[in-house]
Amino acid sequence: MEEVNKQDTPAQKSLDKMKHVEFVQSLDSKVSRQSYEYWISEHLRMNGLYWGLTALATMDKLDALPSSEVIAFVMSCWNENTGGFGAFPQHDAHILSTLSALQILILYDRLESLGDERKNKVKNFILGLQLPNGAFQGDSFGEVDTRFVYTAIQSLALLGELSKEVIDRATDFILKCTNFDGAFGRAPGAESHAAQVFTSLATLAIANNLHLIDQSKLGSWLSERQVLPSGGLNGRPEKLPDVCYSWWVLSSLALIDKIHWINSEYLESFILSCQDLESGGFSDRSGNQPDVFHTCFAITGLSLIQGKKHGLKAIDPVYCLPSEISANIKKWPVDYS
Amino acid sequence: MLHEVKKQRLTEEARLNKLKKDKAKIKTYRALTEEVLKGKIERQYSKHNLDLTTKLIDLNPEFYTIWNYRREIFSKLFEDGVLDKKETLEKDLGFSMEQLKRFPKCYWIWNHRVWCLLQLQSINEANWMYEFGIASKLLEMDSRNFHGWYYRRFVVENMENNMKIRHKDDSQQQIYQYLSINIKEYQYTTAKISKNISNFSAWHNRSKLIPKIYDNLKLLSDTTAFPSIRHIFQSPYHILMHELNYIKTGIYMDPDDTSVWLYLHWLLLDPFFVEYLKPESSDGLSSYMDILKSQLQVVMEVNALEKEESSTGEDNIWCLKSILIINDVLEKETGDNSILNTKLEILEKLIRLDPLRKGRYLDYRNGAAKLYSL
């Protein structure tokens with residue numbers, strides 16, 4: 001600590017938007033298709049597309065990718081048998097890729113292109129994943145995680161299909177995942193983790209149930225995620241910082257109105273230091289290989305603390321979508337009466 | 001999602017070399033993917049298709065659809081009696097272990113392992129003791145892997161359920177077995193912590209195990225069982241004393257480690273201890289107030305030592321945070337208004353020494369937020 005007080009704040013750099021737009025564009029290109037990594041990441045394509053598009057939308061560059069091709073791709077991943085979306089054509093439906101698909105459609109304001117019949121099937125796919133204890137499994141093979149509760153509840157919210165019964169049970173499950181430190185794990189008994197805090201808290205936010213938790217205690221735990229000397233955020237005590245926690249921790253702090261409980265200047269410097277100024281994109285930590293996942297959460301995180309300064313659109317911490325888009329989502333319970 | 005992958009800077013020659021190698025790899029991978037997915041769509045459930053999924057998963061264990069297909073094939077071949085369920089699934093546990101060694105953070109592999117075990121459990125053939133060993137082995141490789149800890153709790157839960165079934169007519173035996181598993185787990189956290197005091201995953205698990213062990217020991221009629229730990233678990237007071245003593249060395253040794261402090265806060269604030277101790281414990285032992293005051297002394301002593309050793313002569317931040325919390329509780333419990341000034345002094349120091357969290361301390365100072373809602 002003593003050393004840090006003496007140390008100067010690292011030099012401020014700017015956000016190289018142009019490079020990051022090019023980086024997202026380069027992910028699906030003639031060049032990228034020549035690399036083995038492109039092909040062995042098909043199972044993440046839908047999620048990757050959502051991450052890339054959200055990064056672009058936050059930089060107000062959604063038109064950097066061809067919308068009609070994107071939407072055609074999304075639709076080609078719909079699985080008629082189960083009613084959910086897979087990550088790639090012919091891949092099985094999963095709740096994670098289903099949420100990404102719906103988020104992409106709403107980014108383009110094209111949810112209606114699902115049509116009533118398909119929309120109904122998506123809804124039933126999601127509802128069919130809720131278990132008696134209120135948790136959601138990711139698909140019919142039984143994995144349970146607070147991530148899936150969030151993806152399911154947000155998916156239903158995007159479709160405007162929330163109900164008291166689903167919400168109450170999901171809330172019960174989330175509350176069972178609370179630990180003594182005020183934070184949340186992936187399931188009851190599991191250690192607190194910042195990404196699970198986000199999924200738990202955002203579920204409670206959608207359910208209008210944030211008043212049920214100890215926000216001071218949780219805020220304290222979240223603020224302790226910021227570490228020196230980098231000023232970045234980690235996901236658990238005594239772990240290294242990673243730029244994706246800029247989103248998981250900041251959005252959580254935003255949801256309980258405590259972003260000012262960490263030092264934004266230090267974090268801003270850390271986020272900017274994770275930019276790859278050659279190829280564009282962000283990596284988990286400075287000097288590592290950039291990828292679209294970290295690019296999305298670095299930029300959306302930056303928007304939560306210094307959006308105006310860097311010319312970024314406002315992001316909704318509940319949905320991880322631009323606020324101007326999330327404004328049109330039906331809110332529980334007011335818009336359901 | 002790349003984590004801890006250093007940026008590659010390839011020379012032109014290396015780049016061309018990779019391109020050439022990738023071309024061949026892509027060809028194999030795409031052809032295999034196409035063949036496997038074709039089989040899946042056509043609902044082909046043969047041993048040949050199974051072998052193809054093995055090959056493809058070996059190339060890419062993140063390909064969840066192929067794990068799903070593999071399970072579909074298994075189910076059909078078990079149903080038709082083509083494959084022996086026990087033998088096949090045990091072999092697949094070996095296969096998933098090989099994958100986990102390469103990709104210890106891949107959700108889909110863990111998920112498949114769980115599926116295999118639950119299938120084996122349905123025919124009473126799951127070897128949970130063996131899995132217990134596997135969980136330990138994986139945590140040897142990375143003692144903070146939260147998949148590993150999660151899996152360990154899953155195994156423990158299943159061992160507990162099995163005990164219940166095995167001793168369904170003997171509730172005392174049920175409790176005894178349940179305790180022996182959980183006491184071992186408690187001792188396991190001790191072992192993990194002594195290897196690395198910063199292992200918060202172990203501290204976390206410890207906090208979950210303690211109330212479980214205490215509650216069940218009370219139900220056990222044999223009062224001589226588990227002599228090595230019984231004295232610790234006599235009452236929440238005894239547990240608290242034991243644990244406070246246990247963490248003392250840690251606090252002295254490394255006062256900048258957050259794990260131990262978080263655990264201390266649990267010990268001092270959790271209803272499990274506090275409700276037992278307040279207002280005066282029934283057995284006439286030291287009260288909650290006395291414990292808080294003595295802990296305050298310990299932390300202040302550590303802080304004084306740290307201050308002496310520090311080149312700047314400043315207080316230790318985590319000591320200050322803990323002093324603040326203890327004072328906060330003391331103030332609430334005693335109604336002693338003079339403590340407020342002490343708290344404000346500490347907050348002033350923290351605002352200066354821990355600038356990252358300045359906003360939080362200002363909120364405490366201005367009364368905009370509480371430390372904890374007890």
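Since we're looking at a predicted model, the values are computed, not measured. Here is the naming used below: chain letters follow the sequence lines, and residue numbers restart at 1 for every chain.
- Between H204(B) and D181(A), the side chains place no donor N or O within less than 3.5 Å of an acceptor N or O (distance only, hydrogens not considered).
- The contact between V5(B) and chain A is made by backbone and side chain atoms together, counting heavy-atom distances below 4.5 Å.
- When every heavy atom of D22(B) is checked against every heavy atom of Q34(A), the shortest pair comes out as CB-O, 3.6 Å.
- The two residues Y64(B) and A87(A) come nearest to each other via the heavy atoms OH-N, 3.1 Å.
- For the set E143(A), E224(A), H260(A), K258(A), the entry with the most heavy-atom pairs within less than 4.5 Å of chain B is E224(A).
- Heavy atoms from other residues, nucleotides or ligands lying under 6.0 Å from CG of D257(A) number 12 at most.
- Of all heavy-atom pairs spanning R144(B) and P237(A), the tightest one is NH1-O, 2.9 Å.
- The residue among L44(A), N288(A), D291(A), N263(A) with the most heavy atom pairs within less than 4.5 Å of chain B is N288(A).
- In this structure, R147(A) forms a cation-pi arrangement with Y107(B), its terminal cationic atom sitting closer than 6.0 Å to the ring centre and no more than 45° off the ring axis.
- In this structure, chain A has a heavy atom under 4.5 Å from the side chain of I41(B), while its backbone stays farther away.
- Within the 6.0 Å centre-distance limit, the rings of W261(A) and Y364(B) are counted as a close aromatic pair.
- Per-residue counts of heavy-atom pairs under 4.5 Å with chain A were compared for N199(B), N111(B), V114(B); the largest is that of N111(B).
- A donor-acceptor contact shorter than 3.5 Å is absent between the side chain of R360(B) and the backbone of I262(A).
- The greatest number of non-hydrogen atom pairs below 4.5 Å with chain B, out of R285(A), R236(A), E278(A), H94(A), is found for R236(A).
- Chain A forms more heavy-atom pairs under 4.5 Å with one residue of G359(B), S259(B), A369(B) than with any other, namely G359(B).
- When only modelled atom types and interatomic distance are considered, K7(B) and S279(A) share a side-chain donor-acceptor pair under 3.5 Å.
- A cation-pi arrangement is absent between R186(A) and F146(B), since the terminal nitrogen or guanidinium carbon is not both under 6.0 Å from the aromatic centre and inside a 45° cone about the axis.
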| request: For side-chain contact (heavy atoms from CB on, under 4.5 Å), just list the numbers for N68(B) and D139(A), CA-CA rounded to whole Å, side-chain angles, deciding distance to a tenth of an Å, and then say yes or no. | output: CA-CA 10 Å; N68(B) 293 350; D139(A) 58 20; 3.9 Å; yes
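- T295(A) does not touch chain B: none of its heavy atoms, backbone or side chain, sits under 4.5 Å away.
- Among K23(B), K358(B), K18(B), H265(B), the residue with the largest count of heavy-atom pairs under 4.5 Å with chain A is K18(B).
- Atom CD of E80(A) is surrounded by 12 or fewer heavy atoms from other residues, nucleotides or ligands within 6.0 Å.
- Contact of W261(B) with chain A is not made at all, since no heavy-atom distance falls under 4.5 Å.
- No donor-acceptor pair closer than 3.5 Å links the side chain of E238(A) to the backbone N or O of D257(B).
- Contact annotation for D276(A): only side-chain heavy atoms (C-beta onward) come within less than 4.5 Å of a heavy atom of chain B.
- Between the side chains of S223(A) and R357(B), no donor N or O sits under 3.5 Å from an acceptor N or O.
- Note: Q289(A) leads H294(A), Q90(A), Q289(A), K239(A) in heavy-atom pairs under 4.5 Å with chain B.
- Looking at D92(A) and K40(B), a side-chain N of the basic residue comes within less than 4.0 Å of a carboxylate O on the acidic one, giving a salt bridge.
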| task | Apply the test side-chain hydrogen bond (donor to acceptor under 3.5 Å, both in side chains) to residues E191(A) and S201(B): give CA-CA distance (whole Å), side-chain angles for both, the deciding distance (0.1 Å), then the verdict. | result | CA-CA 6 Å; E191(A) 182 186 350; S201(B) 306; 2.6 Å; yes
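- The contact between T258(B) and chain A is made by backbone and side chain atoms together, counting heavy-atom distances below 4.5 Å.
- Heavy atoms of R152(B) lying under 4.5 Å from chain A are absent altogether.
- The heavy-atom pair separating I26(B) from R33(A) by the smallest distance is CD1-O, 3.9 Å.
- Taking the ring centroids of H43(A) and W67(B), they lie at or beyond the 6.0 Å cut-off.
- Rounding to the nearest 0.5 Å places CG of N60(B) at 13.5 Å from CH2 of W39(A).
- Relative orientation of the F200(B) and F180(A) rings is tilted, given thresholds of 30° and 60° on the angle between their planes.
- The local environment of CD in E37(A) is crowded, with over 12 non-hydrogen atoms from other residues, nucleotides or ligands closer than 6.0 Å.
- Under a 3.5 Å cut-off, the side chain of S216(A) and the backbone N or O of L371(B) do not form any donor-acceptor pair.
- Put simply, the side chain of I40(A) does not reach to within 4.5 Å of the side chain of K25(B), judged on heavy atoms.
- In this structure, F63(B) has its ring center closer than 6.0 angstrom to the ring center of H91(A).
- In this structure a side-chain-to-backbone donor-acceptor pair under 3.5 Å is missing from Y36(A) to K21(B).
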